Protein chains: 2
Amino acid sequence: MRLLPHPATEDIELTEVLRALSDPVRLQIALRLSVAGEMNCTTAGDDLGVHKSTASHHYRTLREAGVVLTKQEGRLKYMSLRRADLETRFPGLLDAVLSAAALHEAQAARDQRVAADAPAGRPSGVEAHAPV
Amino acid sequence: MRLLPHPATEDIELTEVLRALSDPVRLQIALRLSVAGEMNCTTAGDDLGVHKSTASHHYRTLREAGVVLTKQEGRLKYMSLRRADLETRFPGLLDAVLSAAALHEAQAARDQRVAADAPAGRPSGVEAHAPV
DNA sequence: CAGAATGTTTGATGCCCATCAAACTGACGT
DNA sequence: ACGTCAGTTTGATGGGCATCAAACATTCTG
């Protein structure tokens with residue numbers, strides 16, 4: 001079992017983590033990892049709608065930002081969130097991001113069902129602006 | 001007193017917010033706003049080390065992402081964090097980011113003092129890796 | 001050993017972004 | 001009106017990033 005190169009906990013940078021999580025595909029990967037714990041890359045990347053080389057690029061970005069830990073076992077690679085390290089360095093951050101992402105995903109799924117039920121309906125209350 | 005165009009609370013997107021805060025300059029602006037409350041752009045952008053047009057670009061990015069609210073009063077523009085809106089949409093997120101940024105900034109300042117005291121010293125414990 | 005499975009690496013492409021400089025706009029003071 | 005102040009807009013530039021396709025490396029299996 002080999003470990004790929006990762007940044008040390010104290011070298012994880014806030015802006016890098018935020019940038020890593022600001023991509024929809026990578027956020028989705030992180031969300032899946034938070035639900036399923038350890039996953040291999042194929043499982044994590046299934047149905048992401050991107051080419052496998054693109055997914056591989058995202059795995060690397062997440063790893064180099066310090067968001068995930070990757071270890072190789074045989075011909076498979078397993079990723080997991082660096083929960084403890086991130087909690088040490090940026091308390092509450094990962095949970096806040098993942099909770100928000102989970103809610104957002106649930107809402108998106110709801111919107112899609114509504115759109116399927118009433119394809120010509122209004123766009124789900126987006127016109128009710130109240131920016132102040 | 002005029003209000004500039006902003007996204008509605010329910011239209012603020014997580015990935016946009018994360019991307020907006022993943023730039024060091026914008027994170028610094030957000031941090032200043034969190035300490036000082038409402039600020040005009042000149043005050044907020046002082047000593048950021050970027051050209052005023054670059055700063056203006058960052059103000060717009062923060063506004064369009066839904067992070068700040070901008071209102072114009074005479075020839076000045078005042079920005080403030082959309083704390084309540086962000087808390088509604090992404091509970092705990094902004095506080096986690098700002099706390100982490102504040103700590104990180106304090107650490108950076110400490111590192112700089114240490115570097116000034118011992119310019120040829122070791123690079124402040126970076127060699128103590130413990131990635132597992 | 002041959003072949004399949006699991007990712008990674010290497011171009012190539014197109015887009016977006018951070019930055020600066022210079023011109024511009026809108027409001028205020030004299 | 002004239003000049004100034006505060007900030008925006010408009011190129012221009014350079015760099016990075018997301019994506020795909022194709023070739024590659026490594027490991028397991030028949």
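Below, each value reflects all heavy atoms present in this structure, side chains not excepted, and no hydrogens, waters or symmetry copies. Computed from a predicted structure; not experimentally measured. To find a chain, count down the sequence lines: A is the first, B the second, and so on, and within it residues start at 1.
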Task: Those residues of residues 57-68 of chain B lying under 4.0 Å from DNA chain C by at least one heavy atom - done: B:His57, B:His58

TODO: Provide, to the nearest angstrom, the distance between the CG atom belonging to A:Asp46 and the P atom belonging to C:dA5.
DONE: 14 Å

Task: Side chain to side chain, A:Arg26 and A:Leu21, heavy atoms closer than 4.5 Å - done: no

Open item on the list: With a 4.0 Å limit, can you tell me whether A:Thr54 has a side-chain N or O closer than that to the phosphate oxygens OP1/OP2 of D:dT19?
Closed with: no

TODO: Taking only the side-chain heavy atoms of A:Arg75 (C-beta and beyond), determine which of C:dG7, C:dA18, D:dT29 contains the nearest atom.
DONE: D:dT29

Open item on the list: Please pick, from C:dA18, C:dT8, C:dT6, the nucleotide with the shortest atom-to-atom distance to any side-chain atom of A:Leu76.
Closed with: C:dT6

Open item on the list: Strictly below 4.0 Å, N to O, side chains only: are B:Asp95 and B:Arg83 in salt-bridge contact?
Closed with: yes

Task: Nearest to side-chain heavy atoms of A:His51, which nucleotide of C:dT19, C:dG7, D:dA21 - done: D:dA21

TODO: Round to a whole Å and report the spacing from CE of A:Met79 to C1' of C:dT8.
DONE: 14 Å

- [ ] When you get a sec, tell me which of C:dA22, C:dT8, C:dA18 is the closest nucleotide to the side chain of B:Ser53?
- [x] C:dA22

Open item on the list: Below 4.0 angstrom, which residues in residues 26-38 of chain A have at least one non-hydrogen atom near DNA chain D?
Closed with: A:Arg26

- [ ] Check the side chains of B:Thr88 and B:Asp85 for a donor-acceptor pair under 3.5 angstrom, ignoring hydrogens and angles.
- [x] no

Task: Distance-only donor-acceptor test, A:Lys52 side-chain atoms vs C:dG7 base atoms, 3.5 Å - done: yes

TODO: Could you check how far CG of B:Leu48 sits from C1' of C:dC20, rounded to whole Å?
DONE: 15 Å

TODO: May I have the step-by-step check of side-chain contact (heavy atoms from CB on, under 4.5 Å) for A:Leu98 and A:Leu31, ending in yes or no?
DONE: CA-CA 6 Å; A:Leu98 292 176; A:Leu31 195 55; 4.3 Å; yes

Task: Atom-to-atom span, CG of B:Asp23 to P of C:dC17 - whole angstrom - done: 11 Å

Open item on the list: With heavy-atom distances below 4.5 Å as the criterion, would you say the side chains of A:Leu93 and B:Leu93 are in contact?
Closed with: yes

Task: Phosphate OP1/OP2 of C:dT8: any A:Lys77 side-chain N/O under 4.0 Å - done: yes

Task: Donor on one side chain, acceptor on other, B:Thr43 and B:Asp46, under 3.5 Å - done: no

TODO: Identify which nucleotide among D:dA18, C:dC17, C:dC20 has an atom closest to any side-chain atom of A:Arg19, counting heavy atoms from C-beta outward.
DONE: D:dA18

- [ ] Please examine the side chains of A:Lys77 and A:Asn40, heavy atoms only from C-beta on, and report whether any two atoms are closer than 4.5 Å.
- [x] no

Open item on the list: Can you confirm whether B:Arg82 sits close enough to B:Glu87 that some side-chain heavy atom of one is under 4.5 Å from a side-chain heavy atom of the other?
Closed with: no

- [ ] Would you please confirm or rule out a distance under 4.0 Å between OP1 or OP2 of C:dG7 and any side-chain N or O of A:Asn40?
- [x] yes

Task: Salt bridge present between B:Arg2 and B:Glu73 (N-O < 4.0 angstrom) - done: no

TODO: Figure out the CD/P separation between A:Glu73 and C:dG7, and round it to whole Å.
DONE: 12 Å

